[in-house]
Amino acid sequence: GDSVIQMQGQVTLSENDFLFINCTYSTTGYPTLFWYVQYSGEGPQLLLQVTTANNKGSSRGFEATYDKGTTSFHLQKTSVQEIDSAVYYCAMRGGQGGRALIFGTGTTVSVSP
Amino acid sequence: EAGVTQSPRYAVLQEGQAVSFWCDPISGHDTLYWYQQPRDQGPQLLVYFRDEAVIDNSQLPSDRFSAVRPKGTNSTLKIQSAKQGDTATYLCASSSGGQDTQYFGPGTRLLVL
């Protein structure tokens, strides 16, 4: 069945460090892939999405790269700030046509000043 | 444009009690989703609607959970007899037509004692 895996549960950084979060997925067909960010006490917010038609996306200084060959979908940011501290979820709308999202387990990013 | 609203924001129950959660999606959004997010996990789909029709409720524990969207706008999710394992945040999201982006509400945090 469809699945999304985030192996990094926690990432601790200092301001201006480089952030890299890895995500792998499994599905048939052509998925749409998303990164959502969730701040404490709020619902997830879309950060960016990528389809198989374009293998990169960017928003708010974050960039996501989709590699169909390795079924991976990475999120990176060159220079993180304290306000980037949040939980980041990789999510997928599977290639079968269903509209529901399948989320990874999340990566908690803590950035110290 | 108002976002997705949910109420109540918090609920505390004893096992065996019933509870209802209410969701008002973004105006004009035809698709509405309910997700369950256990602590330190990603959201997991319970059920979703297009207009008033249930599209997928395969993950909804049908013996105790029910969801309705009678006029294709607001929705109610009900737990008939809560268990400690139902402790989680219940998130509502909505989307429009063929758009992939789902917009999430702030969630209802449920604690079952």
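A, B, ... follow the sequence lines: proteins, then strands. Residue 1 opens every chain. All values below were derived from every heavy atom in this structure, side-chain atoms included, with hydrogens, water molecules and symmetry-related copies excluded. The shown structure was predicted, so the numbers you read here are calculated from the model rather than taken from an experiment.
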Cluster link A:Ile21 to A:Tyr25, ILVMFWY, side chain under 4.5 Å: yes
Among B:Pro106, B:Pro43, B:Gly107, who wins on heavy-atom pairs under 4.5 Å with chain A? B:Pro43
Give a yes or no answer on whether the side chain of B:Tyr103 reaches the backbone of A:Gln45 with a donor-acceptor pair at less than 3.5 Å. no
Matching residue for A:Leu101 among B:Tyr35, B:Tyr33, B:Tyr48 - test: side chain to side chain contact (heavy atoms under 4.5 Å, CB included): B:Tyr35
Does any heavy atom of chain A fall under 4.5 Å from the side chain of B:Arg109, the backbone, both, or neither of them? neither
Check each atom of B:Gln44 against the heavy atoms of chain A and say whether the ones under 4.5 Å are side chain, backbone, both or neither. neither
Atom CZ of A:Arg60 with >12 non-hydrogen neighbours under 6.0 angstrom: yes
Quick one: do A:Val11 and A:Val80 end up in the same hydrophobic cluster if we chain Ile, Leu, Val, Met, Phe, Trp and Tyr together by side-chain heavy atoms under 4.5 Å apart? yes
I need the A:Tyr36 OH to B:Thr101 OG1 distance, nearest 0.5 Å. 6.0 Å
What one should report as the nearest heavy-atom pair of B:Leu45 and A:Ala100 is CD2-CB, 3.3 Å
Here the pair of heavy atoms bringing B:Gln41 nearest to A:Tyr89 is O-OH, 3.2 Å
Flag yes if A:Tyr39 and A:Val111 sit in one hydrophobic cluster, no otherwise; membership is Ile, Leu, Val, Met, Phe, Trp, Tyr, and two members link when side-chain heavy atoms are under 4.5 Å apart. yes
Does A:Leu46 form a side chain to side chain contact (heavy atoms under 4.5 Å, CB included) with B:Phe104? I'd like the steps, not just the answer. CA-CA 9 Å; A:Leu46 179 67; B:Phe104 284 80; over 6 Å; no
Can you tell me which portion of A:Gln38 sits under 4.5 Å from chain B's heavy atoms? Options are side chain, backbone, both or neither. side chain
Separation of A:Thr108 OG1 from B:Asp40 CG (nearest 0.5 Å): 7.0 Å
Transitive ILVMFWY side-chain link A:Ile102 to B:Tyr90, under 4.5 Å: no
Can you give me the closest heavy-atom contact between A:Pro44 and B:Leu91, atom names plus distance? CD-CD1, 3.8 Å
Let me check something: do B:Leu77 and B:Val54 share a hydrophobic cluster, defined by ILVMFWY side-chain heavy atoms less than 4.5 Å apart, either directly or through other members? yes
By a 4.5 Å heavy-atom criterion (distance strictly below it), what part of A:Glu42 contacts chain B: side chain, backbone, both, or neither? backbone
